[in-house]
Amino acid sequence: MGVLEVDPPCFSATKGTSLASDSCPGTFSDLFVRKPVLPVKDDKEGGLAPLDAEEDLHRFHSSSDKRPVVPSGRFQGLTLEPPLLDKLRATSEDLSLAETEVILGSIKENIIEGNLKTALEQLESLPIEVRINSDILSLFLKQCGKTKSVHVGRRIHNYIKMQGLQHDTFLGNHIINMYRHCKDTSSAKYAFDDIHRKNVISWTIMISAYAHNGQYELALQLFNDMQKDNVRPDKVTVSTIITACSNISARDQGREIHQMIIDGKLESDVVVESALVNMYVKSNCLEEAQKVFDSMRSRNVVSWTTMILAYAQNNQEKKALNLFEQMEVFGVIPNEFTLVGALSACSRLRSLADGLNVHGKAVYHGYESHIVLGNALIHMYSKFGHWDLGLKVFSKMPMKDVISWTSMLDAYTEEGRTKDTLQLFEEMNWEGIIPDKVTFLSILGACADLLALEQGKRIHASIISRKLHTDQMVGCALIHMYGRCGSVESAREVFDNIQNHNVHTWTSMISVYSQHGLSRDALILFNEMLKEDVKPNEITFVSVLSACSHGGFIAEAFRCFNSLKRVFDITPTAEHYACMVDVLGRAGFLKEAEELLKKMPISGDVVIWRSMLSACVAFNDTQRAKWAAEECIKLQPGYSAPYVMLSNIFVAEDQWEEVARIQRIMDINGVKMQLGKSSIEIKDKIHEFVVDDQAHPQIEQIHAELGTLSKKMEECGYVPMVNTVLHDVEEELKTYMLKYHSERLAIVFGHMMTPSKSTLRIVKNLRMCFDCHCAIKYMSKILEREIIVRDSYCSHHFKDGVCSCLDYW
DNA sequence: GTAGGGTTAG
């Protein structure tokens, strides 16, 4: 029985060609048909089952048996079915040379066309004695790597072992490379160890396999072993190892390699030098990166791009854009990565003109449909507040990935179009795009803004199913969402389920307690955090001080405030000072608040004056209120709230001329009163109401219901506070105007549509008026419901006629 | 004969 050597066939078999005239159906002719001639069972049944257990893997790779290796019996899925291939399994003598050539031709054709499973069936059907040309095997392995078909690849590896060819350098290199592409470094290493005479390529592929799989330390180890083995790295090895250093910011090792290049011990070229530039960038050594870049004899588009991205991502956006221009002067054509880098610089620089220019270049160079570039464009336009331009890019993208969708979701959320965010998220699900961690952060933010608790809960379930609920960032987003939706208990449950807390998770939960007036809980948690030795940050203190102010813990507030710098080395910000003004103001110490305000090193910040104004309004200190309101207006002329508060004071004093004067100032400053809007989520749908809404399909019923309710309220003692209406009109009209405020419409609608006694959750875009605050207290009592209204200032929990804010409105 | 470098959201 001689071994049959076969060269690659010079012809290829066509579909259904029958070579032997006496061949019966179901023998040779079946092999030429490019579909599996044998039943290929799927993974579950064991046909191409993965070898996942390390033990199996070891057994598989350490076997030197020339017969088929059948680990755990899983390869038995491909049993040859008699009588179909009995002839093939017999001996090679039964096959004529011509017949074998035809089979090999067919195998090659199937490999090229991507019919890998069929090609594998054919290969394995050949008698073991048939020697296969290494060209076919290497091509086969290459295709497996390209298509990440590790199961087929493993069987070719097995086949090669059966042939005893696993020690061959050329085939061995191909095997490692196949495993490298399939991200199976353990198998790659077994194949690497099998090679008797490893060359520089064997070592380089193995190093690259580790580097591409995040096993950088192993890559570095192998690089050392290679040199000990007296194999001289070439420039490909060098660039690969430098990239490995970049990825772990291994500056010292990178620098050592750099020195070896300078000393002429290692090869270099433009690729190596670009990798060096990148290594210094990733190690935060921008100056050294620039030095290498400047010293380069020749630079290509990659070298330029690396440097542009370095500046774009390190707060030197102008330098990045200058370099971008310079590169074009040097005649280097930007590629899609360069343009992404330039766009990133424009986004951070907030320069729309530059952004439009880069966008134009992207179109000019034909990169418009590039997915990453599109994503960068959507992001950039959303940063400029041009969500519509982002949407245009998004709609035109021929291919979108999860990042494209997430960027568009963010663009909507950033613009306050949160209803669109939820709608788009639904579309995304319809398209079968799997959301990632960042998508969840974005969508939870939208649920939080919209008070969409039901949708938030569903997303929470989806997060749990993807095992992301213990992640700290996702955890914070969930805590925030539940907190904003008024579900403090759920927020706490999420917090308790996070195993490893950091300052952000602690702060999120403290902030939820604080926002809901649960000051004691906030302070207890803050103390627990300190006991756990977690250092609070600026935001933690804003929440803690705010809790102190809500709870009236003046001494505690001062103790915390004084510890800021002394104990925690945090310089108090305007937010902290505003909290302190609030602490004093809420307790009615207006004079002291004023003194503190005049004394503090930061006084020109509007947040501090807003706190002062709220306190003055709450305690009817009209003189101070006028003073604080005017300061607020001076500092932020475009913000409407202080004008309204000031007007309210004058309305109460019946000074209509003053009210008109303020209106004139508003006109001059171009301040528009925002239309009051409230929304409520009913069965996954967000219903939005504007003041005196006429558009809602059930508005008549709502009006009727509201009429009945208003009567009951008045019977219980509610008197509309007509002096909060900023219009000089008849009292009856004022009463009417108050009655149809959007939050009241939303509450009545919620009452009509939900089971009795369930909690109603309303979100309002502006600060609720004082009369509504009073009216909703009555509503909560009459309707026997807890009503949560989150306005632009805080969350109010109305229950049994009382509000959690204790009327510090 | 086989191998290598730059990438967006947060």
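Quick note on labels: first sequence line is chain A, next is B, and so on, each numbered from 1. Below, each value reflects all heavy atoms present in this structure, side chains not excepted, and no hydrogens, waters or symmetry copies.
- Ion pairing between A:Glu368 and A:Lys396 holds under the 4.0 Å rule for side-chain N and carboxylate O.
- Whole-Å rounding puts the A:Trp405 CH2 to B:dG10 P distance at 18 Å.
- Both tests hold for A:Arg299 against A:Phe293: distance to the six-membered ring centre under 6.0 Å, angle to the ring axis within 45°.
- Salt bridge present: A:Arg484 and A:Asp449 bring a charged side-chain N and a carboxylate O closer than 4.0 Å.
- Aromatic rings of A:Phe324 and A:Trp304 (six-membered ring for Trp) have centroids beyond the 6.0 Å cut-off, not under it.
- When rounded to the nearest whole Å, the span between CD of A:Glu336 and P of B:dT7 equals 12 Å.
- A:Met397 places its CE atom 13 Å from the P atom of B:dA9, with the value rounded to the nearest Å.
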ask   = Reading nucleotides 1-6 of chain B 5' to 3', which nucleotides get B (base under 4.0 Å from a protein heavy atom), which S (sugar-phosphate only), which -?
value = BBBBBB

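- Across all their heavy atoms, A:Thr338 and A:Ile308 have their closest contact at CG2-CD1, 3.8 Å.
- The CG atom of A:Asn375 sits 9 Å away from the P atom of B:dA9 (whole-angstrom rounding).
- Judged by distance alone, the side chains of A:Asn158 and A:Arg155 never bring a donor and an acceptor atom under 3.5 Å apart.
- Contact check, A:Gln313 against B:dT7: no side-chain N or O comes under 4.0 Å of OP1 or OP2.
- Protein atom NZ of A:Lys400 is 16 Å distant from nucleotide atom C1' of B:dT8, rounded to whole Å.
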